[in-house]
Amino acid sequence: MALLTVRDLSVEFPASGAAVRAVRRVSLSVQDGEVVGLVGESGSGKTAAMMAIPGLLPSAAHVAGSVRFAGRELLGAREQELRRIRGARIGVVFQDPLSALNPTMPVGRQVAEVVVHHLHLGWREARERAVELLASVDLPDPGRRAAEYPHQWSGGMRQRALIAMALAARPSLLIADEPTSALDARVATEVAELLLRLQSELGMAVLLASHDLGLIARLADRVLVMYGGQIVESGGCADVLLGRAHPYTSALMGAVPGGGAPGTALSAIPGEPPDASRRDAGCAFAARCPHVMYGCLRAAPPPYPVPGKIGHVACCWRYHPDAPSADGGAHGRT
Amino acid sequence: MAGPEPLLLELRDVRRQIRLGRKQSIHPVDGVSLTVARGEILGLVGESGCGKSSLARLAAGLDRPTAGAVLLGGRPLWDARDHVRARRVQILLQDPYSALDPRMRVEAIVTEGLRIARRERSRRAAELLAAVGLPSGAGAEFPHAFSGGQRQRIGLARALAVDPDLLVADEPLSALDPSVQAQIANLLLDLRRRRGLGCLFISHDLAMVRHICDRVAVMYQGRLVELVPACRLTSGALHPYTRGLLAALPNLDPRAARRQPILPRGLPLPAPTTGCPFAPRCPGVHDRCRVEMPAWREIEPGHWSACHDALRR
């Protein structure tokens, strides 16, 4: 059985006018020790989906569906129980390492706090353990630096501290939301390297959201592509990133420089991501898709296996034999 | 590259010193010489903290160099009157959210630097917004109505309003999604071609720099360590730091991505006082590197490097 199974997860934020439907019936699973990458543009619903899993969304958000972690249902669980699971069984690393730390408390003490809370050690032991944890994330001179405040640390060091805190209780699942996007390229590579090492040492599963396709290519076993609040493609890392099955994934890969001749225009995706408070009939990507067909504007494509690939699924009418067509023949399920 | 054409921007041995106390000071920019020709996009890369942004402020005339000269079209930039300087050089910053006044309409933001009649403003704003690919109705809205990529376009429209010769772009893409990055990069390429805009393009994304720039300058701890035509960057980089940065380039092929080497970890400032500043991290370091600062030399036409070993490679 999978460690984490999410079924039909939906997240809505009430707003004046129409509610913002950030996540629309997302289903995914993460196996023990597996690294699953979640890619997509900002506003695609990555963060809302990731935060809904451990119950970290504000109470105003309306969350529906099912989130089963190690056999337990997390949606609707009591806050007290969620708190025990978060930190101990599920570690979370956020995008912005500065706002996730308390500016008025030495970093070492903040790490020790996690140790006291989840491992039930005394403060003195917890302090020693905190220094060990900071050393385990390759922080230079952890004994001295543990007494410093977050503003004295660089972004890369803060992100290391957050990773140390998330992993203090050796969780079986780490949820990392854009862990490197606030860092410069070199530091980002180091943090990615660190995550890769810790993941293989601790054997934990990782759910990693990022719009950095290089990071995903390096770390992920499996990749999910999110667009307009839905997962539009999923499969093995190389199959998804190099397979060019869904036109959106293909366009996203094409926008990264490296392919074409220098100085020539990059293949930007035309238009804007869809408005999360509206939903027209049909495929969410249809308005920007170079392969758009008659049926794409009329019915949303259901997931369909990509021919010749195992476990590779794309929501695109191009692969579906029942695509709606203008002559009124077959029409899709919706 | 320069030839007989007048140089748009010239930095001559520019330094900037910041005093931290009576005895301590740091040098974010420590003797940099660079040129940008008309219609050229010069890339400037390096890790955070290497002095890229300090150099950007000097090139845009926002800070005065402690020593050396910043020349624009052959004349000292700092001596020009403020409004003259602002007409010739504009700067585009990293964060599209904090760069726009939330209480001003886009039309007013974009035309703020222009001295024109009020009824002219709407027309001119619409032209500028159209030039950066925004819908004509955008001028009447406030910044909050726009996404990050659209805001960066508004910032670009404002920068272009005065028809500058030089655009200093300090990490203009790093807050944006890959697909939006591609849109803005295309816009820069287009402006260079149509208006001959020169650009100092600062980034830590080597793949993007290699794609849109003509030449690439690599900065390390306040100094340039390499200046190379972009087409030679991947195959011909001589400095070990440049090659380390290139090795950290993300590889989109998952099979190759897992085998990438990385540079040894960075060290905090200050660098050693004698010898090459990169020596503590250099994989090919030898005795001479620790005692003698390598000279900034032209190794091949148009290709400069500051490494003792550059000639031997």
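Letters go in sequence order (proteins before strands), and every chain restarts at 1.
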Which answer fits B/Gln150, side chain, backbone, both or neither, if we ask what part of it has an atom under 4.5 Å from a heavy atom of chain A?
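Side chain of B/Gln150 only, per the 4.5 Å heavy-atom cut-off to chain A.
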Under 4.5 Å heavy-atom distance to chain A, tell me which part of B/Ala185 shows up: side chain, backbone, both or neither.
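Side chain only.
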Please examine the side chains of B/Met208 and A/Leu266, heavy atoms only from C-beta on, and report whether any two atoms are closer than 4.5 Å.
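The answer is yes, as the side chains (C-beta and beyond) meet within the 4.5 Å cut-off.
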Nearest heavy atoms of A/Ala268 and B/Ser179, plus distance in Å
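In terms of heavy atoms, the two residues are closest at CB-O, 3.8 Å.
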Between A/Val256 and B/Pro178, what is the shortest heavy-atom contact and its length?
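Distance-wise, the nearest heavy atoms are CG2-CB, 4.5 Å.
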Considering residues, nucleotides and ligands other than A/Ile310, do more than 12 of their heavy atoms fall under 6.0 Å from its CD1?
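No - once you tally the heavy atoms of other residues, nucleotides and ligands closer than 6.0 Å, there are 12 at most.
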Is it true that, when you exclude B/Gln24 itself, more than 12 heavy atoms of the residues, nucleotides or ligands shown sit nearer than 6.0 Å to its CD?
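At most 12 heavy atoms, drawn from other residues, nucleotides or ligands, come within 6.0 Å of this atom.
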Could you tell me whether the side chain of B/Gln183 and the main chain of A/Ile269 form a donor-acceptor pair under 3.5 Å?
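Looks like yes, one N/O pair under 3.5 Å.
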Given A/Pro257, which of B/Arg210, B/Gln181, B/His211 fulfils the side chain to side chain contact (heavy atoms under 4.5 Å, CB included) condition?
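That would be B/His211.
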Out of A/Leu242, A/Leu213, A/Leu241, which one racks up the most heavy-atom pairs below 4.5 Å with chain B?
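Option with the top pair count is A/Leu242.
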Working to the nearest 0.5 Å, report the span between CD1 of B/Ile212 and OG1 of A/Thr264.
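Nearest 0.5 Å value for the CD1-OG1 distance: 11.5 Å.
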